[in-house]
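This report concerns only the one structure given below.
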Amino acid sequence: MPDSIKNVDHIGDFTLEEAISKANTLIEAMGWIRQFRGKTTVIKLGGSILDDPQELMHILLDVIFMESVGMKPVLVHGGGKAINRELAESGIAPNFVRGRRVTDLPTLAAVEKVLAGELNVFLTQEIERLGGRAMNLSFQTTNVLFGQKLVDRPDEDLGFVGEVTRVDRNVIEGLSYTDQVPVIPSMCEGDDGQHYNVNADTAAMAVAQALGADKLVFLSDVNGVRRDKDDPDTIIHSLSSAEARELISSGVINSGMIPKVEACLETLGRGVKKVHIIDGRLRHSLLLEIFTTKGVGTEIHP
């Protein structure tokens with residue numbers, strides 16, 4: 001060690017070893033930062049994360065970091081628990097069929113108030129408060145998701161539930177190129193101006209496909225695909241499409257993980273390069289997944 005630094009034991013609030021460790025972490029991340037600079041990553045945000053201020057803050061800080069190093073993050077969000085609270089205040093009982101919210105006119109009003117209004121604005125303002133730049137894209141500002149009523153089964157009417165058929169990629173990309181994070185609620189507008197409630201996973205998939213995203217990240221309440229669904233230590237960090245299909249066939253991937261993985265495979269078949277499933281409750285899980293060699297979730301690739 002050079003004589004000039006032999007007696008240095010602290011740099012700021014850190015010991016010399018801690019400071020060197022932080023520098024090594026940045027060096028490890030540098031290769032990934034260079035690789036993903038200028039690339040689009042769509043992040044689906046929802047679930048319990050939206051109800052925990054600390055978890056949400058760390059996710060948004062990760063998003064701001066991604067934009068700061070030249071990536072182009074796009075947020076697509078749901079908000080089921082906030083919608084349920086709004087419905088409860090109005091004396092409306094939530095109703096689900098096969099995991100989809102039945103959306104009559106009173107429910108649609110609550111969904112629009114929460115998703116396209118309060119929550120969409122809140123997330124944008126939080127990003128700005130934490131030092132980033134963001135723009136909320138909704139019916140109240142500039143809508144970018146267009147679609148139609150979802151008809152899964154002829155004998156089943158889910159009300160004002162829709163599917164995205166078109167994404168205004170020019171608006172989203174225009175914001176990304178001006179170093180702003182687009183924040184998009186999971187709702188779409190029909191040709192006649194009718195608004196529809198959209199499943200947040202499928203909305204994020206539609207955005208990722210339209211943008212030809214390098215990555216689509218699902219923030220989940222589990223750490224990824226596991227060989228034993230009850231054991232977090234059995235996580236599979238990397239899966240090819242063929243391997244994922246084989247694990248579904250063999251029953252290793254089962255229960256509620258099947259539709260999520262099948263959605264990932266469908267998305268890969270439509271131009272998205274990689275799909276990640278990570279536990280959004282883990283502090284800085286986005287950065288750990290993208291900017292470290294092993295990652296902390298499951299990456300599914302073609």
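We use all heavy atoms of the structure for the numbers below, so side chains are in, but hydrogens, waters and symmetry mates are not.
A donor and an acceptor atom, one from each side chain of Q180 and T178, are located under 3.5 Å apart. Using modelled atom types and a 3.5 Å distance limit, the side chains of T107 and D104 yield a donor-acceptor pair. Judged by distance alone, the side chains of S285 and D279 never bring a donor and an acceptor atom under 3.5 Å apart. A donor-acceptor contact under 3.5 angstrom links the side chains of R101 and N84, judged on distance only. Donor-acceptor pairing under 3.5 Å is lacking for the side chains of Q194 and E189. Checking K273 against H301 by side-chain atom types alone, no donor-acceptor pair falls below 3.5 Å.
A salt bridge links K274 with E299; the closest basic N to acidic carboxylate O contact falls under 4.0 Å. Using a cutoff of 4.0 Å between basic side-chain nitrogens and carboxylate oxygens, E86 and K113 are scored as salt-bridged. Ionic pairing of K149 and D157 is present here: one or more N-O contacts between side-chain nitrogen and carboxylate oxygen are shorter than 4.0 angstrom.
Put simply, the side chain of N120 gets close to the backbone of V183: a donor and an acceptor are under 3.5 Å apart. Panel note: side chain S186, backbone V198; a donor-acceptor pair is recorded below 3.5 Å.
For residues 242-260, every residue pair satisfying the salt bridge (Lys or Arg N to Asp or Glu O under 4.0 Å) rule, not counting sequence neighbours, is listed here: D201-K260. Legend: ring pair (Phe, Tyr, Trp, His ring centres under 6.0 Å) pairs involving residues 131-182, not counting sequence neighbours, sorted by first then second residue: F139-H195.
More than 12 heavy-atom neighbours from other residues, nucleotides or ligands sit within 6.0 angstrom of CG on D231.
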**Asked** What do the steps show when you test R270 against E266 for salt bridge (charged side-chain N to carboxylate O under 4.0 Å, His left out), and what is the final call?
**Response** CA-CA 7 Å; R270 297 186 179 182; E266 178 187 346; 3.3 Å; yes
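Minimum heavy-atom separation, A244 to I253: O-CD1, 3.9 Å.
For the side-chain contact (heavy atoms from CB on, under 4.5 Å) test, residues two or more places apart in sequence or in another chain that qualify with D62 are H284, L286, L287.
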